[in-house]
Structures are given as C-alpha cells and as structure tokens.
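Okay, so here's the structure we're looking at.
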Amino acid sequence: MWHFRLWDVQVVAVFFSITLYICDLAGAISIHSPQRSLTRSVQEDVFFSVDVTCNVIPTIQWTFMSGAVSRTIGTWQPGAYTNITVDYSSRVQPYDNGSMGLSDLRLQDAGYYVVTVTEAAGSSKDAGFVLKVNEVLYEDLQYLSVSALALACLAALLMLAVWLLDKAYRKIVAWRCRAQMPENDATELQPL
C-alpha cells in the first residue's frame, strides 16, 4: 500500500502548478508569418503579414531599425486604440491581427522591422522582418533615353543652323564678288 506524506503531495502540487504556468506562458503568445524577408521597389507598398494569437487582448508594437537608427512606428490594441507616430501616420495601415501595411516606400525604409506582442501580464514575444527597397531602374533608363533623344534633336537643329548659315555666307560672298567686278563698258577699240 502506498503512503504519501502531506509534504510530498504539496511539493508535487507546487511543481505541477509551476509547470502548468510555464507551459501557459510559453503558449500564451504566438506570432506566425508566411514571409520574413521582403523585397520591394521605391514607391511600391509592402504588407508585413502576421497572425498573432494570444490568451488576452495584446498590445502590438512595430519598430523600425536600420544601422544605429531605431524608431517606433506605432502601437495599438486590437479594437481599442491606435497610436501611429507622426513620421508614419500617412503611410501605415495597422490591422487587428498584428499585420501592418506600409505604402509609398522610400530607400530609407530598407531595414529591419520588429513586431512586439505584449500581454497585460507583461510577457511578450518578438518577430522580425527584413525589408530591402530597390531603386526603380526603368525610370532611370527612361530619363536617359529621353535625355539622349533631346540631345540628338538639339544636335540636329544645330547642324541645320550651321548648314543654313554656310549657305547664307556663300551667297553673301558671291554677291560681294559680283558687286566688286567692274561693269562691262562697251568701249570700242580704235585702230592704230
């Protein structure tokens, strides 16, 4: 027959309670994302897709980091409040599931984005995204081709102007030569 002391039962109960609490904390917040590395071009939009699950209503915070720069983009609670910083207020779209949209990308937007999900109890979890922003090359090529076409037209106009000036110069020279020649007098030669 098994005999348990009260002390052993209390130790097991405390151990079991702590284990359940730790398991609850570990599974309390989860952040799922299909893609963590994104590449976009200047002036495009990007959507940082996450699906946050939490036992209570969490606080979601997005932060941008690049080199030594770190700045908060915004903080919100699903269905409660939204606080987007002034730098991003016209370009950020927050979503209740934790996702964030950023429109009209600039080269300076390239960097590391971190979403931090925090419970009221204080536990939190982070997920990071890398965003690469490329310059739009076809606009540069378009600018280059338009500039080359404009220079070619200017060169053609200059060549036409030089040709017309040469024609005018030759006519003026021919007219001066005719003007300097003595007129033919019809003088008769007398016999000697």
Side-chain angles (χ1 to χ4, degrees), residues 12-151:
V12 170
V14 168
F15 177 74
F16 187 65
S17 296
I18 291 173
T19 304
L20 284 177
Y21 179 72
I22 290 173
C23 288
D24 184 49
L25 283 180
I29 300 173
S30 67
I31 303 173
H32 299 285
S33 177
Q35 190 175 12
R36 298 282 177 105
S37 180
L38 304 160
T39 302
R40 298 291 185 274
S41 295
V42 172
Q43 296 180 340
E44 286 186 348
D45 300 340
V46 68
F47 182 69
F48 297 101
S49 176
V50 297
D51 187 21
V52 173
T53 54
C54 188
N55 294 338
V56 295
I57 296 176
T59 300
I60 299 164
Q61 179 177 351
W62 279 88
T63 307
F64 169 74
M65 289 184 269
S66 177
V69 177
S70 177
R71 62 180 173 257
T72 301
I73 297 171
T75 305
W76 64 89
Q77 270 191 330
Y81 70 91
T82 302
N83 182 19
I84 305 298
T85 59
V86 177
D87 295 341
Y88 290 95
S89 62
S90 63
R91 301 191 307 134
V92 166
Q93 175 64 44
Y95 295 91
D96 283 347
N97 68 348
S99 298
M100 178 184 73
L102 182 60
S103 61
D104 192 27
L105 289 175
R106 304 167 186 156
L107 285 175
Q108 303 90 312
D109 291 328
Y112 191 65
Y113 290 80
V114 178
V115 60
T116 303
V117 179
T118 308
E119 283 186 323
S123 62
S124 66
K125 192 168 188 180
D126 298 331
F129 295 83
V130 176
L131 175 64
K132 182 178 178 187
V133 180
N134 296 323
E135 288 188 73
V136 182
L137 294 177
Y138 70 87
E139 286 182 2
D140 294 339
L141 292 175
Q142 184 179 13
Y143 174 76
L144 182 63
S145 62
V146 168
S147 298
L149 182 63
L151 287 174

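The structure displayed is predicted, hence computed values, not measured ones.
With a 4.5 Å cut-off on side-chain heavy atoms, Met100 and Val92 count as touching. The closest side-chain heavy-atom distance from Ile84 to Trp76 is below 4.5 Å.
Here the closest non-hydrogen pair linking Ser66 and Gly111 is CB-CA, 4.4 Å. Closest approach of Gly79 to Asp96, counting heavy atoms only: N-OD1, 3.4 Å. Taking every heavy atom of both residues into account, Ala127 and Ile31 meet most closely at CB-CG2, 3.7 Å. A pairwise comparison of heavy atoms in Val52 and Gly98 identifies CG2-CA, 4.2 Å as the closest pair. Heavy-atom minimum distance, Cys54 versus Ile29: SG-CG1, 4.0 Å. Heavy-atom minimum distance, Pro58 versus Gln77: O-CG, 3.3 Å.
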Could you give me the CA-CA distance, side-chain angles and deciding distance for Glu119 and Asn55, then say whether side-chain contact (heavy atoms from CB on, under 4.5 Å) is met? CA-CA 8 Å; Glu119 283 186 323; Asn55 294 338; 4.1 Å; yes
What's the verdict on side-chain contact (heavy atoms from CB on, under 4.5 Å) for Leu107 and Glu135, showing C-alpha distance, side-chain angles and the deciding distance? CA-CA 7 Å; Leu107 285 175; Glu135 288 188 73; 3.7 Å; yes
Take Asn134 and Ser41, measure what side-chain hydrogen bond (donor to acceptor under 3.5 Å, both in side chains) needs, and give me the verdict at the end. CA-CA 5 Å; Asn134 296 323; Ser41 295; 4.9 Å; no
Can Ser99 and Asn97 be said to form a side-chain hydrogen bond (donor to acceptor under 3.5 Å, both in side chains), step by step? CA-CA 6 Å; Ser99 298; Asn97 68 348; 3.1 Å; yes
Is there a side-chain contact (heavy atoms from CB on, under 4.5 Å) between Leu105 and Val42 once you walk through the steps? CA-CA 5 Å; Leu105 289 175; Val42 172; 5.9 Å; no
Please step through side-chain contact (heavy atoms from CB on, under 4.5 Å) for the pair Thr75 and Tyr81, ending with a clear verdict. CA-CA 8 Å; Thr75 305; Tyr81 70 91; 4.0 Å; yes
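For Tyr88 and Trp62, the ring centers are positioned 6.0 Å apart or more.
Ring-plane geometry between Tyr113 and Phe64 is classed as tilted, the angle between the planes lying from 30 to 60 degrees on a 0 to 90 degree scale.
Between the side chain of Arg91 and the backbone N or O of Ser103 there is at least one donor-acceptor pair closer than 3.5 Å. Looking only at distances, a side-chain donor or acceptor of Thr85 sits under 3.5 Å from a matching main-chain atom of Ile73. Side-chain atoms of Ser33 come within 3.5 Å of backbone atoms of Ser49 as a donor-acceptor pair (strictly under, hydrogens ignored).
Between atom OG1 of residue Thr59 and atom CG of residue Asn83 there is a gap of 11.5 Å, rounded to the nearest 0.5 Å.
Under a 4.0 Å N-O distance rule, the pair Arg40/Asp109 does not qualify as a salt bridge.
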